[in-house]
Amino acid sequence: VKQVSQEFPNVKFAIIDGYIPDRPNVMSVLFRENEGSALVGALAALTAYYYNCTKVGIVLGMEIPVLWKFEIGYAYGVRWAERFIKQKFGKDVKFDILYVYTGSFNDPAKGKQAAEVMLAQGVCVIYQAAGATGLGVFEAVAEAGKKAGRTMGPPFAIGVDADQDYIKPGFILASMMKRVDVGVYTAAKMAVEGSFKGGVLELGIKEGGISVSTLDDLSQFLEIGIRAGAVKESDAQNIINTVKEMRSKIPTWIWEAVDKFKQDIVSGAEKVPLPTTQDQVVQLRKELGLGTVG
């Protein structure tokens with residue numbers, strides 16, 4: 001895009017998840033993944049608390065700056081949940097937050113192994129931010145649940161980027177969705193309306209660029225799969241029914257709490273940390289009390 005945008009200076013370009021801030025004809029569409037990760041961190045901790053568990057985890061791909069947003073955002077959400085529990089129930093709960101970087105985005109076996117180690121240590125909700133490596137996390141969680149005689153969690157996994165709730169229905173609590181569709185639509189709309197300009201367009205919860213998956217999201221996603229001939233209608237309905245049943249077992253106060261947290265982020269009452277340097281992430285790990293798997 002850097003090269004081609006120079007060759008065609010009169011053409012407007014938008015790049016998703018790419019950072020080219022200094023070209024007047026290139027819009028870099030970025031997302032505040034730290035905000036969405038905070039929401040699912042809160043969801044993970046509150047769900048763990050409901051099931052009498054005090055350990056949650058996150059499995060990540062390669063340690064690169066963009067993934068610090070997921071790791072630290074998630075931990076911030078977990079600590080927010082502790083404050084919420086204290087306020088609502090008057091209980092002091094301290095969650096262990098385990099994290100591991102697998103070093104890969106395309107190795108499900110590594111993801112599965114990392115998740116199995118966490119599960120063996122008593123972790124009951126695991127968020128994955130690891131691309132295809134994360135598919136192994138889903139496998140490990142579903143296998144552990146089935147081994148315990150369950151058809152749905154706990155344990156639970158949490159999906160990332162897209163709505164992944166369909167992959168192991170009943171064992172994926174929700175997904176942190178990065179709304180690439182909103183980014184693409186916004187860039188195209190600005191081009192059509194004449195308000196397009198180069199630089200960074202950053203989308204968070206407030207702008208609709210980040211969200212936690214809903215049953216509506218799942219239904220829409222499966223509908224696309226049906227139209228494309230990739231999913232049978234009966235299979236789609238079974239997935240929706242399972243996810244709906246699983247979600248109905250999570251108390252309403254948990255979903256409402258996550259929604260309150262969301263509103264506080266939108267209003268600016270809660271500011272989710274955004275580490276950009278190695279020193280910052282090391283400091284935040286200390287402050288938020290993250291622990292490596294071992």
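Reckoned from all heavy atoms, side chains included, excluding hydrogens, waters and symmetry mates. Sequence positions, counted from 1, serve as the residue numbers for this chain. What you see is a predicted model; the values in this text were computed from it and never measured.
The closest side-chain heavy-atom distance from Phe95 to Lys55 is not below 4.5 Å. Taking the side chain as every heavy atom from C-beta outward, Ile167 and Ile172 approach each other to under 4.5 Å.
Annotation for Val180 and Phe31: closest pair CA-CZ, 3.9 Å, computed over non-hydrogen atoms. Scanning all heavy atoms of the two residues, the minimum distance from Val281 to Glu71 falls at CG2-OE1, 4.3 Å. Ala114 and Thr102 make their closest contact through CB-CG2, 4.2 Å (heavy atoms, listed as atom of the first residue, atom of the second, distance). Across all their heavy atoms, Pro154 and Arg150 have their closest contact at O-NH1, 2.8 Å. Shortest non-hydrogen contact noted between Ala157 and Val141 is N-CG1, 3.7 Å. Counting all heavy atoms, side chain and backbone alike, Asp17 lies closest to Glu33 at OD1-OE2, 4.0 Å.
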*Please test Met177 against Val212 for side-chain contact (heavy atoms from CB on, under 4.5 Å), starting from the C-alpha separation and ending with a verdict.*
CA-CA 6 Å; Met177 292 176 66; Val212 177; over 6 Å; no
*Could you walk me through whether Tyr127 and Ser37 pass the side chain to side chain donor-acceptor pair (under 3.5 Å) check?*
CA-CA 9 Å; Tyr127 177 34; Ser37 297; 3.0 Å; yes
*Taking it one step at a time, do Asn34 and Phe70 satisfy side-chain contact (heavy atoms from CB on, under 4.5 Å)?*
CA-CA 5 Å; Asn34 56 320; Phe70 293 82; over 6 Å; no
*Ile126 and Val56: CA distance, side-chain angles, deciding distance, side-chain contact (heavy atoms from CB on, under 4.5 Å) verdict*: CA-CA 6 Å; Ile126 305 174; Val56 296; over 6 Å; no
*Give the C-alpha distance, both sets of side-chain angles, the deciding distance and a yes or no for salt bridge (Lys or Arg N to Asp or Glu O under 4.0 Å) between Lys86 and Glu82.*
CA-CA 6 Å; Lys86 173 73 173 170; Glu82 290 173 348; over 6 Å; no
_If you apply the rule side chain to side chain donor-acceptor pair (under 3.5 Å), what do you find for Gln237 with Glu233, and how did you get there?_
CA-CA 6 Å; Gln237 198 52 57; Glu233 213 159 319; over 6 Å; no
*Should Glu63 and Trp68 be marked as a side-chain contact (heavy atoms from CB on, under 4.5 Å) after you check the CA-CA gap, both sets of side-chain angles, and the distance that decides it?*
CA-CA 8 Å; Glu63 186 163 352; Trp68 294 337; 3.2 Å; yes
*asked:* As a quick check of understanding, evaluate side chain to side chain donor-acceptor pair (under 3.5 Å) for Asp216 and Thr214, giving each step before the final call.
replied: CA-CA 5 Å; Asp216 280 349; Thr214 64; 5.1 Å; no
*asked:* side chain to side chain donor-acceptor pair (under 3.5 Å) for Gln280 and Thr276? Distances and angles first, verdict last.
replied: CA-CA 7 Å; Gln280 284 174 352; Thr276 55; 3.0 Å; yes
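Connection of Tyr185 to Val192 is not established within any shared hydrophobic cluster, with ILVMFWY side chains joined at heavy-atom distances below 4.5 Å, either directly or through further cluster members. Val137 and Val160 are assigned to two separate hydrophobic clusters, defined by single-linkage of ILVMFWY side chains at heavy-atom distances under 4.5 Å. Under the 4.5 Å side-chain heavy-atom criterion for grouping Ile, Leu, Val, Met, Phe, Trp and Tyr, Val117 is connected to Val123 within one hydrophobic cluster. At a threshold of 4.5 Å between side-chain heavy atoms, the hydrophobic network of Ile, Leu, Val, Met, Phe, Trp and Tyr places Ile64 and Tyr74 in one connected group. Note on Ile97 and Leu119: separate hydrophobic clusters, where clusters join Ile, Leu, Val, Met, Phe, Trp and Tyr whose side-chain heavy atoms are under 4.5 Å apart, directly or indirectly.
Residue Gln3 qualifies as open at atom CD: its count of foreign heavy atoms under 6.0 Å is 12 or below. At most 12 heavy atoms of other shown residues, nucleotides or ligands fall within 6.0 angstrom of atom CD in Gln113. Counting non-hydrogen atoms of other residues, nucleotides and ligands closer than 6.0 Å to NZ of Lys112 gives a total above 12. Around atom OH of Tyr51, more than 12 heavy atoms belonging to other residues, nucleotides or ligands sit under 6.0 Å away.
The pair Glu245-Lys249 meets the salt-bridge criterion, since a charged nitrogen lies less than 4.0 angstrom from a carboxylate oxygen. The residues Glu143 and Lys146 are annotated as not salt-bridged, no charged nitrogen and carboxylate oxygen being separated by less than 4.0 angstrom. Between Glu207 and Arg32, at least one side-chain N (NZ, or NE/NH1/NH2) sits under 4.0 Å from a carboxylate O, which counts as a salt bridge.
Annotation: the span from Ser213 atom OG to Phe221 atom CZ amounts to 11.0 Å, rounded to 0.5 Å. With rounding to the nearest 0.5 angstrom, the OH atom of Tyr166 is 13.0 Å from the CG atom of Asp235. Note: Asp165 CG to Ser175 OG = 4.0 Å, rounded to the nearest 0.5 Å. One distance of note links CD1 of Ile85 with NZ of Lys94; it measures 12.0 Å at 0.5 Å rounding. Here CD1 of Ile226 is found 9.0 Å from OG of Ser219. Values are rounded to the nearest 0.5 Å. Note that CG of Leu201 is 9.5 Å distant from OG of Ser28, once rounded to the nearest 0.5 Å.
Not one N or O on the side chain of Gln128 forms a donor-acceptor pair closer than 3.5 Å with the backbone of Val59. For Arg79 (side chain) and Leu288 (main-chain N/O), a donor-acceptor pair under 3.5 Å exists by modelled atom type. Side-chain N or O atoms of Arg285 include none that pairs as donor or acceptor with a backbone N or O of Gly289 at under 3.5 Å. With Asn25 contributing its side chain and Lys12 its backbone, the two residues share no donor-acceptor pair below 3.5 Å. No donor-acceptor distance shorter than 3.5 angstrom exists from the side chain of Thr133 to the backbone of Pro108, with no hydrogens or angles considered.
Ring to ring, Tyr76 and Trp80 are not that close: their centroids are 6.0 angstrom or more apart. Taking the six-membered ring for Trp and the full ring otherwise, the centers of Phe156 and Phe171 sit at least 6.0 Å from each other.
Shown here are the ring pair (Phe, Tyr, Trp, His ring centres under 6.0 Å) partners of Phe89, two or more places apart in sequence or in another chain: Tyr49, Trp253. With sequence neighbours left out, the side chain to side chain contact (heavy atoms under 4.5 Å, CB included) criterion links Lys2 to Ile20.
Side chains of Asn106 and Ser104: a donor-acceptor N/O pair is present below 3.5 angstrom, by distance only.
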